[in-house]
Structures are given as C-alpha cells and as structure tokens.
Engineer: 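Sending over a structure as structure tokens; questions will come in a sec.
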Amino acid sequence: MGAGFQFVHFGAFSRKGNQHGQSTDFIFGEVERRPDASFHVSNPSSPEIVFGLAISDVRALHDERALAAKDTMKNGKTRAIRSTQQTLATVIASHPYQVAEIRADPAKAADVAEWERRTVQWLQDQFGSQLVSVIRHTDERYCHLHCYILPENRMMKAAAIHPGHIAKTAEIAEGPRPGEDEKMLNRRGDKAYRAAMRNWQDHYHQHVGAPSGLTRIGPQVRRLRRAEWQAEIQAA
C-alpha cells in the first residue's frame, strides 16, 4: 500500500524579513537549529546534508551575492538592491512516513531515500546550478527536506524563478482586456499564479510523488470517502 500524499512548498525571503519576522537570517538559523529560530523543536539535532553546501556556506554565499547584486534605475545608473528584495528561494518537501518509522523499518527507510533522490533530481532539473543545498532534519515527526535556491539573475530576484510570479507577471504584462480595469487585470494575474503553482505541484507529482507511491492531495481536501482514498493510495 502507498504511503500517503505529497507535500511540497515554494517560498521566498528577503534580508529584511516579512510580516512574520522571517528574514533570510531567520531561515538559515531555523535550519541550523539556532535556539531563537527553533522554538518548535523540542530536542534539536544537527542538520544533515543531502546535497550541496552546508548551511553556513549557503548563508555566506547568499550574503556575498546579495551585497553584490545591482538594480538598474530608469536613468541607467545602478544601485544596490533593497533589503526588502526576496533573494532566497526555498522548497520544503515532506514525506508522510514518520522518522520513527524509517528508523524501525529498513524498507520504509529505503523508500524515503529513493524519494529524496527523486526530489533532488527534480529540483536540479527545475533550477540547475541555482540549487545550492538540500538539508535533512530528523528531529521532527515527519521526514522532510529543506532545499535552498540562490537566484543567478543580476538582481538576485527570487520572483524571477518563482513559477507563480513568472505566470502572473506575464499575464499582467499583456495589459487590460476590453472592459477590464486594473483590479480585474490583477485578479486575472492571481488566477494565472494559482494555475502555475498547481501545474508545478502536478509536475512534482508526476516525477516524484507518483513514482514514490504518493497521491497528489489528501482525502480531506477533496472530501473523499475512506474507500476511495484507500483505492487511490493503492493505485499510486
């Protein structure tokens, strides 16, 4: 029988931070298990490198590139990018097996190892050399990966590699259609954003989730009956 359903989430962060206080420094601190950034973990343990750089090296590389990144103004001159610019992209991918399960069951441990391999390969296909690190945590309930992507564009703009933002920007660039005002155009952009993120999730499922025996979304989201849910797990 399959394991359950997939979870994968794309995020982007700035040096100044968002309304929740999540800055790039906080994000790096959380994965490093810095005490002030890890209140949600009762017994923190050291992160494990699955791919690429250690987090201390990712932090140093990010900060160096962010300081060197330039914004071109209308007059052609350049200036340092703002601290509010999102310069770090992250992907969190979670497997429904619990850490305790894979420690007790070699078969489940092998399943998760293969899921990790597929996830890293998919991210490399998506982001190329911009994927600089994938980290495993084993001090929380479920198996999961933290993945770090440093944009290689001139302004180090995370929005330029975010599937949803790319789609929304392209939609809005077309301008208003006959009878549309700016609000309607923005709503159309939001719709394009959501469609792009669904497609991104579908692509992950096609290349990682389904081969790993995971379903696309869980039963509660679609109000499936238990028999229907079990049938879908079996098919996956």
Side-chain angles (χ1 to χ4, degrees), residues 6-15 22-25 27-28 30-32 47-72 78 80-82 84-95 112-137 143-171 173 192-212 214 216:
Q6 72 178 32
F7 175 89
V8 60
H9 174 77
F10 192 108
F13 303 91
S14 72
R15 288 169 292 168
Q22 296 169 312
S23 64
T24 54
D25 178 69
I27 295 301
F28 292 135
E30 191 277 331
V31 76
E32 288 174 323
E48 302 171 3
I49 301 173
V50 175
F51 168 84
L53 302 175
I55 283 299
S56 58
D57 294 327
V58 176
R59 180 199 295 273
L61 183 59
H62 167 272
D63 292 351
E64 177 187 344
R65 289 187 182 178
L67 285 174
K70 298 296 181 183
D71 181 11
T72 302
T78 61
I81 61 171
R82 298 178 185 276
T84 53
Q85 157 129 353
Q86 292 176 330
T87 51
L88 173 68
T90 68
V91 172
I92 297 176
S94 180
H95 194 283
V112 170
E114 183 61 15
W115 166 80
E116 289 183 345
R117 185 196 67 78
R118 289 191 181 107
T119 296
V120 172
Q121 182 61 61
W122 183 78
L123 288 167
Q124 287 181 297
D125 292 343
Q126 290 273 305
F127 302 108
S129 60
Q130 297 175 112
L131 176 70
V132 294
S133 181
V134 178
I135 299 294
R136 176 196 301 120
H137 277 153
C143 301
H144 64 282
L145 299 173
H146 292 261
C147 316
Y148 299 89
I149 303 144
L150 298 185
E152 292 177 349
N153 55 75
R154 177 179 171 81
M155 289 179 63
M156 206 181 176
K157 209 168 189 178
I161 60 171
H162 189 300
H165 284 299
I166 292 170
K168 180 173 181 176
T169 299
E171 193 73 23
Y193 178 102
R194 292 190 295 271
M197 295 313 295
R198 283 194 299 271
N199 290 339
W200 187 74
Q201 293 270 350
D202 289 343
H203 194 270
Y204 179 81
H205 184 250
Q206 178 185 354
H207 293 274
V208 181
S212 300
L214 308 181
R216 170 67 173 80

Engineer: Between the side chains of Ser212 and Glu114, is a donor N or O closer than 3.5 angstrom to an acceptor N or O?
Structural biologist: no
Engineer: Test your reading of the model: is there a side-chain donor-acceptor pair from His205 to the backbone of Leu214, 3.5 Å cut-off?
Structural biologist: yes
Engineer: Pairs in or reaching into residues 196-206: which pass salt bridge (charged side-chain N to carboxylate O under 4.0 Å, His left out), with residues at least two apart or in two chains?
Structural biologist: Asp202-Arg216
Engineer: Closest heavy-atom contact between Ala159 and Ile166?
Structural biologist: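 Heavy atoms of Ala159 and Ile166 come nearest at O-CG1, 3.9 Å.
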Engineer: Is there a donor-acceptor pair under 3.5 Å between the side chain of Ser133 and the backbone N or O of Leu53?
Structural biologist: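 Here the side-chain-to-backbone pair exists.
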Engineer: Among pairs that include at least one residue of residues 48-58, which meet salt bridge (charged side-chain N to carboxylate O under 4.0 Å, His left out), considering only residues two or more places apart or in two chains?
Structural biologist: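 Every pair satisfying salt bridge (charged side-chain N to carboxylate O under 4.0 Å, His left out) with a residue in residues 48-58: Glu48-Arg136.
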Engineer: Run the side chain to side chain contact (heavy atoms under 4.5 Å, CB included) test on Phe28 and His62 for me, step by step, so that the C-alpha distance in whole Å, both residues' side-chain angles and the decisive distance to 0.1 Å come before the verdict.
Structural biologist: CA-CA 10 Å; Phe28 292 135; His62 167 272; 4.0 Å; yes
Engineer: Check whether any side-chain N or O of His165 sits under 3.5 Å from a backbone N or O of Ala160 as a donor-acceptor pair, and report yes or no.
Structural biologist: no
Engineer: Using the rule given for side chain to side chain contact (heavy atoms under 4.5 Å, CB included), can you reason through Val132 versus Phe127, listing the C-alpha separation, both sets of side-chain angles and the distance that settles it, and then say yes or no?
Structural biologist: CA-CA 10 Å; Val132 294; Phe127 302 108; over 6 Å; no
Engineer: Does Gln22 use its side chain to pair, donor to acceptor, with the backbone of Phe13 at less than 3.5 Å?
Structural biologist: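 Between the backbone of Phe13 and the side chain of Gln22 there is no qualifying donor-acceptor contact (under 3.5 Å).
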Engineer: Does the side chain of Thr90 pick up a donor-acceptor pair with the side chain of His146 at under 3.5 Å?
Structural biologist: no
Engineer: Any side-chain heavy-atom pair from Ser23 and Arg15 closer than 4.5 angstrom?
Structural biologist: no
Engineer: Just checking Lys157: does its NZ atom have more than 12 heavy atoms from other residues, nucleotides or ligands closer to it than 6.0 angstrom?
Structural biologist: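 Not buried by this count: 12 neighbours or fewer within 6.0 Å.
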Engineer: Does anything in residues 58-68 pair up under salt bridge (charged side-chain N to carboxylate O under 4.0 Å, His left out), and if so which pairs, sequence neighbours excluded?
Structural biologist: Asp25-Arg59, Glu32-Arg59
Engineer: Is there a donor-acceptor pair closer than 3.5 Å between any side-chain N or O of Arg118 and the backbone N or O of His207?
Structural biologist: no
Engineer: Test your reading of the model: is there a side-chain donor-acceptor pair from Gln6 to the backbone of Gln201, 3.5 Å cut-off?
Structural biologist: yes
